Trainee: 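Just dropping this structure here.
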Amino acid sequence: MKTSPCGCGQGATLFFDSVHCTLCGRMAGFCPDRLLLASFDPYAAPDLWQAVTPSGGIYRQCENYRSHQVCNWMVPAGDPNAYCRACRLNAVIPDLGPPQNRGYWAKLEAAKRRALYTLLALGLSVASKEEDPAHGLQFRFMSDKDAGSEFTQPLWGQEPVYTGHNSGEITINLAEADDIALTRARIVLGEHYRTLLGHFRHELGHYFWYMFIGPDQGRLAQFRGLFGDEQQDYRQALDRYYGGGPRHEAGPDFISAYAAVHPWEDWAETCAHYLHMIDTLETASDFGVQLQGWQIPAAPLPQALPAGGGMAIDAPTLLRDWMRLAVGMNALNRSMGMQDAYPFVLTDTVRRKLQYVHEVVMEERRGRSS
C-alpha cells in the first residue's frame with residue numbers, strides 16, 4: 001500500500017485511510033480512478049473539491065464519506081454516481097439504528113477498500129452488479145447477532161448470516177468486525193491469524209474462481225491438477241472439518257489447515273495469501289525497506305506494469321522477495337515479544353499453487369489491457 005505526500009509541501013505523509021493532512025488540515029481522500037492519495041481544496045461549486053496535485057482534478061466526496069464518515073474515497077466530478085468505486089458495490093449495509101453498528105460498518109468498509117485497492121492496482125475488474133449483472137461484484141453486510149451480547153445471542157426469528165461468496169455476491173457477518181467476537185472465533189476455531197481483511201481477500205478468492213477458473217476448461221484442468229477435484233461434496237467436506245474439530249496444523253500441501261477442507265477453500269486461501277503478499281511487498285517497497293542490503297522488492301510489482309505490457313516480474317522473484325521480507329517481519333515481531341507476523345510455511349507444493357494464482361492474475365491483467 002503506497003503513501004503520498006500532501007500537496008501543502010510541509011513534508012506531511014498521507015496514508016491510505018487518511019481523511020486530512022495532520023499539518024495543514026486539508027481534507028484528504030483516495031482517487032480510485034488514478035490510484036492516488038491526495039489532499040483537496042474547496043472548489044468554486046458547492047460540494048466539489050480540487051486535488052492539490054500537479055495534475056489537479058475536480059472531485060466529490062463519496063456519499064458515505066460526506067454523510068457517514070465511513071469512507072475516504074472520492075468520485076470524479078463528471079461521474080453521476082453518488083458513491084465511489086468501492087461503496088457502489090454495496091447491496092446491503094448494516095442497520096444503523098444500534099449506535100455501535102456504525103463503528104462496525106466503518107471497519108468493514110476500511111477492510112473492503114484495502115482489499116479492492118489491490119484488485120484495482122492489479123488491473124482486475126471491480127464492476128458492480130448494476131454495471132455487469134452476470135459477472136459483477138456486490139457486498140452484503142448483515143448481522144444475525146446482538147452486538148450488545150458480543151454476538152453470542154441470535155436475534156429472534158432471523159436466519160443466521162454466514163460469511164461467504166455466491167456468484168459474485170459476498171456476504172460478511174457484522175460479527176467479524178467485533179473485536180471480542182473475532183477473538184472468540186480465533187480461539188474456538190484455532191484460526192489465530194483470522195482477520196477482517198483476510199476474510200475479504202478469502203472471499204475475493206472465491207470470486208476469482210467464479211470469474212477466472214470455472215468458465216475456462218483449460219484453466220479448470222490445471223486447477224484440478226494442483227488443487228484437486230472441486231466436484232467432491234462441499235457440504236460434507238465442511239461437516240468433516242468442523243465436526244471433527246479444527247485442525248491446527250496444515251499439511252505440506254496446504255497454506256493453512258482450512259485450505260485442506262476442499263479444493264475451493266484451498267484456492268481461496270491461496271488467493272488470500274497472494275493478495276497479502278502483493279499489498280505487503282508494495283508497502284515495504286514504498287518505505288524503502290532493505291534486508292541485508294537487498295531492496296524489497298528487487299523487481300517491479302505487477303502494479304508497476306505498463307498497460308498492455310509484458311510480464312515484468314516472475315513468480316519465483318515474487319516469492320523470493322516475499323520470503324525474505326516475511327522472515328524479517330517475524331524477527332521484528334519477536335523482538336517486540338509478539339507472535340510471528342507470517343508463521344506460514346511455503347512448501348514446494350504451496351509455491352506452485354501461488355505461482356498458478358500469479359499466472360492467472362497476470363493473464364487476466366494482460367487480457368483487460370489489450
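For this chain, numbers begin at 1 and follow the sequence in order. Side chains included, hydrogens not; waters and symmetry mates left out as well; all remaining heavy atoms used. Here the structure is a predicted model, which means the values were calculated and not measured.
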Trainee: With Phe208, which residues qualify under ring-ring contact (aromatic ring centres under 6.0 Å, His included), at least two apart?
Mentor: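 For Phe208 the ring-ring contact (aromatic ring centres under 6.0 Å, His included) partners, ignoring immediate neighbours, are Phe212.
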
Trainee: Tell me, please, which residues at least two apart from Arg26 pass salt bridge (Lys or Arg N to Asp or Glu O under 4.0 Å).
Mentor: Asp41

Trainee: Output the rest of the hydrophobic cluster of Leu48: all Ile, Leu, Val, Met, Phe, Trp and Tyr residues reachable through side-chain heavy-atom contacts under 4.5 Å, sorted by chain and number.
Mentor: Tyr43, Ile58

Trainee: Regarding Lys107 and Asp179, does a basic nitrogen lie under 4.0 Å from an acidic carboxylate oxygen?
Mentor: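 Salt bridge flag = yes for Asp179 with Lys107.
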
Trainee: State which residues pass ring-ring contact (aromatic ring centres under 6.0 Å, His included) with His206; sequence neighbours excluded, sorted by chain then number.
Mentor: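 By the ring-ring contact (aromatic ring centres under 6.0 Å, His included) rule, His206 matches His202.
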
Trainee: Any Lys/Arg nitrogen of Arg201 or Glu269 sitting under 4.0 Å from an Asp/Glu carboxylate oxygen of the other?
Mentor: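 No, no charged N to carboxylate O under 4.0 Å.
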
Trainee: Going by the rule salt bridge (Lys or Arg N to Asp or Glu O under 4.0 Å), which residues pair with Glu131 if we only count those two or more places apart in sequence or in a different chain?
Mentor: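 Glu131: no salt bridge (Lys or Arg N to Asp or Glu O under 4.0 Å) contacts found.
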
Trainee: Suppose we screen for salt bridge (Lys or Arg N to Asp or Glu O under 4.0 Å). Which residues come up paired with Asp321, at least two apart in sequence or across chains?
Mentor: none

Trainee: Under 4.5 Å side-chain heavy-atom separation, chaining through any Ile, Leu, Val, Met, Phe, Trp or Tyr, what else clusters with Met336? Say none if it is isolated.
Mentor: Met338

Trainee: Please name all residues satisfying side-chain hydrogen bond (donor to acceptor under 3.5 Å, both in side chains) with Arg351, sequence neighbours left out, ordered by chain then number.
Mentor: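 By the side-chain hydrogen bond (donor to acceptor under 3.5 Å, both in side chains) rule, Arg351 matches no residue at all.
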
Trainee: Could you tell me which residues satisfy ring-ring contact (aromatic ring centres under 6.0 Å, His included) with Phe40, sequence neighbours excluded, listed by chain and number?
Mentor: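 Partners of Phe40 under the ring-ring contact (aromatic ring centres under 6.0 Å, His included) test: Tyr59.
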
Trainee: Who are the salt bridge (Lys or Arg N to Asp or Glu O under 4.0 Å) partners of Arg85, not counting sequence neighbours?
Mentor: none

Trainee: Kindly write out the residues that satisfy ring-ring contact (aromatic ring centres under 6.0 Å, His included) with Phe227, not counting sequence neighbours, or none if the list is empty.
Mentor: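 Checked Phe227 against ring-ring contact (aromatic ring centres under 6.0 Å, His included); matches are Phe223, Trp267.
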
Trainee: Carefully, step by step, assess Asp286 and Thr3 under the rule side chain to side chain donor-acceptor pair (under 3.5 Å).
Mentor: CA-CA 7 Å; Asp286 185 63; Thr3 58; 2.7 Å; yes

Trainee: Mind checking side chain to side chain contact (heavy atoms under 4.5 Å, CB included) for Gln232 and listing every partner two or more places apart, or none if nothing turns up?
Mentor: Arg240, His262, Pro263

